[in-house]
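I have placed the structure first, in the form of structure tokens, so that the comments after it can refer back to it.
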Protein chains: 2
Amino acid sequence: MKRRHATLSDIAKALNVSASTVSRALHDSPLIRKETKDSVIAMAKALNYQPNQQAIGLLNKKTKIIGVIVPEITGYFFATAINGLQDFVENTGYKLIIGQSNESFDQEAKLMETLSLARVDGLIISPTSETTSNIHLEKFRESGIPVVVFDRDCPNFLSDKVFVDDYEGAFQAVDYLIKTGCRKIAHLGGPANLTTCRCRKRGYLDALTQNGITPDPQLILEVPGFTPDCGEEIIRDLLDREAIPDAIFAVNDAVAIGTMPVILEKGLRIPQDISLIGFDDEPYSQYFMPSLTTVWQPVYELGLLSGRILMNHILHSPEEYDYRYELLKPELIVRQSSKPLV
Amino acid sequence: MKRRHATLSDIAKALNVSASTVSRALHDSPLIRKETKDSVIAMAKALNYQPNQQAIGLLNKKTKIIGVIVPEITGYFFATAINGLQDFVENTGYKLIIGQSNESFDQEAKLMETLSLARVDGLIISPTSETTSNIHLEKFRESGIPVVVFDRDCPNFLSDKVFVDDYEGAFQAVDYLIKTGCRKIAHLGGPANLTTCRCRKRGYLDALTQNGITPDPQLILEVPGFTPDCGEEIIRDLLDREAIPDAIFAVNDAVAIGTMPVILEKGLRIPQDISLIGFDDEPYSQYFMPSLTTVWQPVYELGLLSGRILMNHILHSPEEYDYRYELLKPELIVRQSSKPLV
DNA sequence: TTCTTCCATGCAAACCTTTGCATAAATATT
DNA sequence: AATATTTATGCAAAGGTTTGCATGGAAGAA
């Protein structure tokens, strides 16, 4: 039961006017007589007319599509950021095409190729942990397509950028641990190629030194990924040593949670023997026993703001554009996996 | 530094041939001489030619875009389904536009309007818990756009459908509880408007009766949503009664996990006093203490298969089409929140 | 040589919308 | 009454691609 979509000239023929008149009438042009407008609008409704976006796009070289590339979509973090983005975009008439790079540079490059072919009007991207080159991004910018980089930075690439202040979050967390009496604080850091992980590590180090504690290289570890498995594996190593830490600051909640069963299994208590702090405030983190102390990030806002900034750039792209740099503030959420302040 | 994208006629002019020749050459038409082809291909590469999808789409009335509507995107379930879908679509040249209805019928209808305007070539949808009418879906089908309904059914709507066998999963879970000695099994069911929830409840009831246990209406509750909060709230009610159950079968993992702190807080042990089973096998479920027994669903495959079926319908749409109905098999994952078999 | 056949290419229409310019009719001005 | 102005509409081009049909030339056949 396929039937053609109604077009402008369908309406035109039905009313014995020209397509241009119909077009103008539907755009409420002052050139058109009131009665003509009314009959056109009525007929458009009757025929269930929907303007053909492809034809319009062809004419003004716009697709009203925004491309989004994230490392993965199934995790809480990026899913929530996309959520914010969606909510922002919803009423703008723009649509989102989402791709996930699976932390692979090749996939990322391929996705950008696809999005370029689809002629997206703008791109919002959080690069993979493998991404060290900006050539693919530069290509985008050269063709005049606005890009917003969010959460993870692409150093040396010039564009709008929206991040969370990871340094600050990490600093607060570790500072809190020290204030509750911890001294041998281990850090389970993430892939060092990611700016987020480097910032968190810097926050960790600075919190230590500013409190007069010399960082112990033995206690600074790196997990290869962001899953509980990674935490589980690395904590076994750590706890097999002679001197065990009295606190752990993990790169994210998932890694922290992976360590919990192992710690408890060894007969150690959380937080009495080992305090534990994560990062992200994932929905389940408060339901663990003990509930997980963590650093909350304004992820939804991260997505929303990225969308707003991109849209602004798309709509009022002036020749001289000042790239924006936004740093959102995280917040320490104290729960039961860390000791209370004295 | 905006510069126009190269077009067919740019290549044509550069080589002193016509645009049609260029088009045919790039499509490797047998009508074109080998040398001509070679020079065209070389020039296309030199000018970084990318065919304009909008122009092509305008001509053959295709957008190569698939619309996806899910109730929410931040949860593990739908995010993973979308993941499977993405992976399938990736190499087909099709793109995905994803919208979330937030369990609101109005938002769902509005999204469908947007997708219809965007002229998507097909739609994959999991309806909201509010959706009781199919008018918006029928409109889609009438304009000849293939639709695949997945996970949650829209009864009386004729289309391809891909589901998980919720009945079977629930039956297995409850049957297992009975076999491990539980008799007073409570069910924390989800919104009864959803087919998935109704199927799980039926599985629960049938498992009871087939094992000679008369269902106790007192033990059959309904949560308003799918979050841990909902579980937390309802379990307080349940445990305040005189006769407490010896097992709980929750509509999903999130609800089950919400009950855990409350149960333990009351001094009850899991599974010795109360066995607990969820549904979904969310990534964190195995990291709780005790780890959660649950019903795993082939979610990734659900998305993948939905994509495959839709694509098949789009590409070889015959006049007489037999709608497909697929039922994927879930699997009980026994962990520590339920007693072992004797 | 002349006619046929085939090969390689070009022309133009179609897809649908928007918009500058032209035109026709109606009204206002002198 | 004749000209100037306004008002409402139509024409045609442009945007980039595909494709049926026409055309030009060259090679083959008679």
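A quick note: this is a predicted structure, and the numbers were derived from the prediction, not measured. Throughout, a chain's letter reflects where its sequence line sits, starting with A, and its residues are numbered from 1. Quick note: numbers below take in every heavy atom, side chains included, and nothing from hydrogens, waters or symmetry partners.
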Query - Pair B/D106-B/K110, salt bridge (Lys or Arg N to Asp or Glu O under 4.0 Å): steps then yes or no - result: CA-CA 6 Å; B/D106 289 346; B/K110 191 178 159 200; over 6 Å; no
Requested in this report: Decide yes or no on side-chain contact (heavy atoms from CB on, under 4.5 Å) for A/R119 and B/H5, but give the supporting numbers first.
Outcome: CA-CA 10 Å; A/R119 298 279 217 276; B/H5 281 272; 3.5 Å; yes
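Remark: B/K161 NZ to B/S306 OG distance equals 12.5 Å, nearest 0.5 Å.
Look at NZ on A/K61: it is 19 Å from P on C/dT17, rounded to the nearest Å. One atom, CG of A/L31, and another, P of C/dA24, lie 18 Å apart when rounded to the nearest Å. Rounded to whole angstrom, the span from the CD1 atom of B/I32 across to the C1' atom of C/dA8 amounts to 7 Å. B/Q54 has its CD atom 12 Å from the C1' atom of C/dT17, to the nearest Å. Between the CG atom of A/L59 and the C1' atom of C/dT19 there is a distance of 8 Å, rounded to whole Å.
Residue B/K34 has no polar side-chain atom (N or O) positioned under 4.0 Å from OP1 or OP2 of C/dA8. The phosphate of C/dG10 has OP1 or OP2 within less than 4.0 Å of a side-chain N or O from B/S18.
Remark on DNA chain C: of its neighbouring residues B/R119 and B/R24, the 5'-side contact belongs to B/R24, judged by nearest-heavy-atom nucleotide. Both B/L58 and B/K37 lie close to DNA chain C; mapped to their nearest nucleotides by heavy-atom distance, the more 5′-ward contact belongs to B/K37.
Distance alone, capped at 3.5 Å, is enough to place a donor-acceptor pair between the A/R152 side chain and the A/P127 backbone.
Within the nucleic acid shown, B/N16 comes within 4.0 Å of sugar-phosphate atoms alone, with no base atom in reach, counting heavy atoms only. As judged by a 4.0 angstrom heavy-atom cut-off over every strand, B/T36 is placed among residues touching the sugar-phosphate backbone only. Note on A/T7: only backbone sugar-phosphate atoms sit closer than 4.0 angstrom, heavy atoms only; bases stay farther off. Among the heavy atoms of the strands lying under 4.0 Å from B/I56 are primed sugar atoms or P, OP1, OP2 only; no base atom is included.
A salt bridge links B/R141 with B/E138: the closest approach of a Lys/Arg side-chain nitrogen to an acidic carboxylate oxygen falls below 4.0 angstrom.
A 4.0 Å heavy-atom criterion places the boundary nucleotides of DNA chain D facing chain A at D/dA8 to D/dG16, written 5' to 3'.
Ring orientation note: the planes of A/F105 and A/H136 are nearly perpendicular, at an angle over 60° on the 30°/60° scale.
Ring centroids of A/Y325 and A/Y323 are separated by 6.0 Å or more, keeping the two rings apart.
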